[in-house]
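Note sheet for the following structure.
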Amino acid sequence: MENNHKDDKEKLMWHLLPLSLIKPVVEVFNFGYRKYQKEGSWATLEGGYKRYYSAFFRHLEAHESGEFTDKESNLPHVAHCAWNALAMMYFAIKERNS
């Protein structure tokens, strides 16, 4: 008898991640690329963790103050927060592994 059982319980369930929430974060990433015209420059930013930390809270404060959209990018402040959190995670992992 053939076993058709596939055990996925320990695997990441990527289908649970709603792409509609990820798209605005990718749009922020693209906005930054267009603004600075250098691919990957975000990852080499001097003092990166602290700078993205500050940017995270500037966007969070703007959102909490009732401003939904960033005036420069025309994208949601919370999407900027998510992008900055990812950049912070990058620098935290890089620091830990060095």
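Note: hydrogens, waters and symmetry copies are ignored here, and every other heavy atom, side chains too, is used. What you see is a predicted model; the values in this text were computed from it and never measured.
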Is it true that the side chains of His77 and His63 contain a donor and an acceptor less than 3.5 Å apart?
no

Looking at side-chain heavy atoms only, is the closest gap between His80 and Leu75 below 4.5 Å?
yes

If you define the side chain from C-beta out and look only at heavy atoms, does anything of Pro24 sit under 4.5 Å from Glu27?
yes

How many angstroms lie between atom [atom1] of [X] and atom [atom2] of [Y], to the nearest 0.5 angstrom?
| X | Y | atom1 | atom2 | result |
| --- | --- | --- | --- | --- |
| Phe91 | Glu95 | CZ | CD | 10.5 Å |
| Ser54 | Met88 | OG | CE | 9.0 Å |
| Asn30 | Trp83 | CG | CH2 | 10.5 Å |

Could you check Phe57 against Tyr53 for ring pair (Phe, Tyr, Trp, His ring centres under 6.0 Å), going step by step and ending with a plain yes or no?
CA-CA 6 Å; Phe57 280 102; Tyr53 179 92; 5.0 Å; yes

Identify the two heavy atoms, one from Pro18 and one from Leu16, that lie closest to each other, and give their separation to 0.1 Å.
CD-O, 3.1 Å

Cys81 and Phe56 have their tightest heavy-atom pair at O-CD1, 3.2 Å

Does Glu39 have more than 12 heavy atoms from other residues, nucleotides or ligands lying within 6.0 Å of its CD?
no

Donor-acceptor contact present, side-chain Asp70 to main-chain Ser73, <3.5 Å:
yes

Within one Ile-Leu-Val-Met-Phe-Trp-Tyr cluster: [X] and [Y], side-chain cutoff 4.5 Å:
| X | Y | answer |
| --- | --- | --- |
| Ile22 | Leu12 | yes |
| Val26 | Trp14 | yes |
| Leu21 | Val25 | no |
| Phe68 | Val28 | no |
| Tyr36 | Tyr52 | no |

Go through Ile93 and Arg96 one step at a time and tell me if the side chain to side chain contact (heavy atoms under 4.5 Å, CB included) criterion holds.
CA-CA 5 Å; Ile93 291 169; Arg96 183 175 182 192; 5.6 Å; no

SB check Glu72 Lys35 (cutoff 4.0 Å):
yes

Pair Trp42 + Tyr33: ring centers closer than 6.0 Å
no

